[in-house]
Every structure is written in C-alpha cells, then in structure tokens.
Amino acid sequence: MNPPRTDARRHHDPEVRGFASDNYAGAHPEVLAALALANGGHQVAYGEDAYTENLQQVIRSHFGPTAEAFPVFNGTGANVVALQAVTDRWGAVICAESAHINVDEGGAPERVGGIKLLTVPTPDGKLTPELIDREAYGWDDEHRAMPQVVSIAQATELGTVYTADEIRAICEHAHAHGMKVHVDGSRLANAAATLDVPLRTFTNAVGVDLLSLGGTKNGALFGEAVVVLDPDGIKHMKHLRKLSMQLASKMRFVSVQLEALLARDLWLRNARHANEMAQRLAEGVRAVHGVEILYPVQANAVFARLPHDVSERLQKRFRFYFWDEAAGDVRWMCAFDTTEDDVDRFVAALKEETAR
C-alpha cells in the first residue's frame, strides 16, 4: 500500500541540534507510532475514549490505585488547573522564587488562575520546611492572601532534584498547617531517572496531593496531565479543566502519547539518556578554563557562568539561552535525542570560543 500523499515539505534541517530547551526536540518515533495507531475510526470526544480510559490504569500503576489523570494541552495549563483545584478565591501558593509558575508562565497562575503566589528565595531552587515558614502564616488575617498550597518543581527550574525524604518533610510540614502539596513535574521523569526510583516513591508515597505530569519535554508531541492522587480531597477537576480551556476534544491523541511513554519504560529511557548527556556535557565543560558550573547537575540541565562575549559567539553556532545575562549565566539543556556527538561538538566549540 502506498504511503498517504502529503503536500507538506520539510522546512528545517533535522541534523541541527541546540541546547536551548528540551522542547526543541521532536517527538519520539514510538510516540508518533502510537498517534498513528490511535488515528483510525471514530472515538467519543472529550475524554470518553478508550485511550483515555486505559491511561487511567497506566497512571495508577505508577501513582497508586486512587490516582486519576486529567490530560491537558500544556504544562502551564496543567499548573493553572491543578493550583485552582486546591485554592479558594482568597488562597495563595507558596513556591520558590525561581519556580516556573512564578518566572516563566507569563503570570498565568495569577492572571488566569486568580492565585496569589508567595515566593521564597532559595539557593538551589529547592524549598525546605524552614523556607516555607517565611510565608506560611496569617491564615486568619483577612488582609493577607491565605497560604493554602506549597508548590515544588521536580526537577527544579535550576536542574536540582528533591530526594523522597525532602519531599516527605515538605508534605508533613505543609499538611500540619492545613496546606496541600503540588508538584510541577514537567521533568518528573528526569528526577526519577536521577534518583533511580519509581515515580510513586517521591509522590503519592510521601504525601503529595496532586501533580502536573510532563510529557512534551520527554518525547511527546504535545500534552501533559494533571494527576490527582487523592480524588476524595480534590473535586471538580473536570469543570476546572474546561473552564481553563484545557479540555481537548480529541483527547485520545493526548492520552495515547502519555500511554506510549508510561505503559512500559520509554519515559525512563528518554529521561536517563537526557540526563546522561547532561552529565557528559558537564564533564566536558569542567575542563574548559573560565567556565563555572553553577548548580549540581542532577537532571538534564547544565547552568554555567562564562564571559558574555564567549556566549554571544557560541550562540551563533548553537542555540541556547542566557539565564541571567547581566551575570553571564547561561542554561544548556539536553533532550532525549541529544547525542554524544552533539555534546562533543558543543564542548569543542566552547573551547574554541574561550580560546579566542
């Protein structure tokens, strides 16, 4: 049978690689194959399809028998829907100052979700019970937004990873104050690969209430999910998802991607590879005079400080972003499709530019 005809044509060089974001990577071939598999015939819209139903069993295999997944379009949508579900109109969310929900979501949690963020400076992107206490007060003060949720990112926006014990301590501390705990898990797979433990070990097993589960950064074409770990304590998720414009009509195409990642070990293979490439990159960078690695490399990100002019020249050869341009800080990300050759060519280019 001849392949389907298409009038589309390629507009990019598939050999080009960058280190700007794991979102630059395409979709994993196994995910694309799953999309094609789900494409035939008709399925009921808005989540009443066979793929979304099966996804629930896959999610429970990772996060326990009470877990329920609500597929959404993107990570910001997942975070906004999740945080709305556990806050009142007067509620607030405690998070790290560097958190994605504070820095990189265009104000969506506050402007779209109507949620006040109470931010805390952290040395490494990670909250602790002591840091949480800087904002965990004033529940009876009508002049102050009420702290109702602690939101942490795993891995963090600075590429660091919480241990299961660290998350347990946060959950116990938050719950003692009547607050729930949300995990922004856009790179949850990378954290699990680093810790070498199942996803449940640092989520439902330690008291996390709900999480945003990433897919796009780990090989999906698009799509994430809000995963509610205790449905009895969190209601009306379906209504919030629709209200927040995150309800996919053809939801099977989101669900089947998450199934392709999570049903077996693709999620872990992809994350381990990205992490290994970041370690290789960090090893190469450490040998370059004048370049400083800023944070422990625990997931698929390398943060470094180098002369501004070196970065600008290097950016003409490989795409990457400044993290703090005034300080000369940059971020280099590895993806599931980053190769050893990609890393080695980048390190060689870095050495060339620093030697000029």
Side-chain angles (χ1 to χ4, degrees), residues 19-23 75-76 78-79 82-83 93-105 108-109 117-132 134-135 149-171 173-174 181-197 199 201-203 206-218 224 227 271-272 274-275 277-279 281-282 293-305 320-324 327 329-335:
F19 291 85
S21 173
D22 34 12
N23 285 327
T76 297
N79 287 335
L83 294 175
V93 174
I94 299 173
C95 65
E97 190 175 66
S98 59
H100 199 273
I101 58 174
N102 182 53
V103 176
D104 289 305
E105 295 189 347
L117 299 180
L118 303 173
T119 63
V120 180
T122 66
D124 57 0
K126 294 163 65 174
L127 289 176
T128 64
E130 293 74 23
L131 289 173
I132 289 167
R134 294 188 182 184
E135 293 291 348
V149 184
V150 174
S151 180
I152 63 174
Q154 177 76 322
T156 74
E157 200 68 3
L158 300 182
T160 52
V161 171
Y162 290 91
T163 66
D165 286 341
E166 287 172 332
I167 297 179
R168 178 184 289 108
I170 287 171
C171 290
H173 192 71
V181 176
H182 163 259
V183 171
D184 178 350
S186 66
R187 296 186 179 95
L188 200 72
N190 300 92
T194 292
L195 297 172
D196 196 24
V197 297
L199 293 166
T201 302
F202 55 88
T203 54
V206 296
V208 171
D209 296 289
L210 78 170
L211 58 94
S212 303
L213 178 64
T216 309
K217 291 178 171 63
N218 198 33
E224 326 281 303
V227 179
R272 278 178 174 163
N275 289 3
M277 292 302 98
Q279 289 295 333
L281 176 59
I293 292 180
L294 299 175
Y295 306 108
V297 180
Q298 296 177 334
N300 62 324
V302 178
F303 289 81
R305 180 172 295 160
F320 63 88
Y321 295 122
F322 279 102
W323 190 254
D324 181 342
D329 299 351
V330 299
R331 185 190 75 168
W332 297 319
M333 298 297 304
C334 296

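One-based numbering along the sequence shown.
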So [Y] and [X], do their side chains get closer than 4.5 Å, heavy atoms only?
| X | Y | result |
| --- | --- | --- |
| Pro121 | Arg134 | yes |
| Val161 | Leu195 | yes |
| Val227 | Leu210 | no |
| Phe202 | Asp165 | no |
| Ser21 | Arg331 | yes |
| Leu83 | Val149 | yes |

(message) Could you tell me if Ser186 and Glu224 have a donor-acceptor pair between their side chains, going purely by distance under 3.5 Å?
(response) no
Using only atom types and a distance under 3.5 Å, with no angle test, would you say the side chain of [X] pairs donor to acceptor with the backbone of [Y]?
| X | Y | answer |
| --- | --- | --- |
| Thr203 | Val208 | no |
| Gln154 | Tyr162 | yes |
| Asp209 | Val181 | yes |
| Glu157 | Gly125 | no |
| Thr194 | Asn190 | yes |

(request) Check the pair Lys126 / Ile152 against side-chain contact (heavy atoms from CB on, under 4.5 Å), numbers first and verdict last. (result) CA-CA 7 Å; Lys126 294 163 65 174; Ile152 63 174; over 6 Å; no
(request) Decide salt bridge (charged side-chain N to carboxylate O under 4.0 Å, His left out) for Arg187 and Asp22; before the verdict, give the C-alpha distance in whole Å, the side-chain angles of both, and the deciding distance to 0.1 Å. (result) CA-CA 10 Å; Arg187 296 186 179 95; Asp22 34 12; 2.8 Å; yes
Report the distance from atom [atom1] of [X] to atom [atom2] of [Y], rounding to the nearest 0.5 Å.
| X | Y | atom1 | atom2 | value |
| --- | --- | --- | --- | --- |
| Asn300 | Asn218 | CG | CG | 8.5 Å |
| Thr160 | Glu166 | OG1 | CD | 9.0 Å |
| Leu127 | Glu97 | CG | CD | 11.0 Å |
| Ile94 | Ile132 | CD1 | CD1 | 6.5 Å |
| Arg272 | Met277 | CZ | CE | 13.5 Å |
| Leu199 | Leu213 | CG | CG | 7.5 Å |

Return the minimal non-hydrogen interatomic distance between [X] and [Y], and the atom names on each side.
| X | Y | answer |
| --- | --- | --- |
| Ala278 | Ala299 | CB-O, 3.5 Å |
| Ala82 | Ser212 | CB-OG, 4.2 Å |
| Ile101 | Ser151 | CD1-OG, 3.8 Å |
| Ala304 | Trp332 | CB-CZ3, 3.7 Å |
| Cys171 | Val206 | CB-O, 3.4 Å |
| Thr122 | Ala96 | CG2-CB, 3.9 Å |

(message) Apply side-chain contact (heavy atoms from CB on, under 4.5 Å) to residues His182 and Val93 and explain how you reach the verdict.
(response) CA-CA 9 Å; His182 163 259; Val93 174; over 6 Å; no
(message) Taking the ring of Phe320 and the ring of Phe19, is the distance between their centroids below 6.0 Å?
(response) no
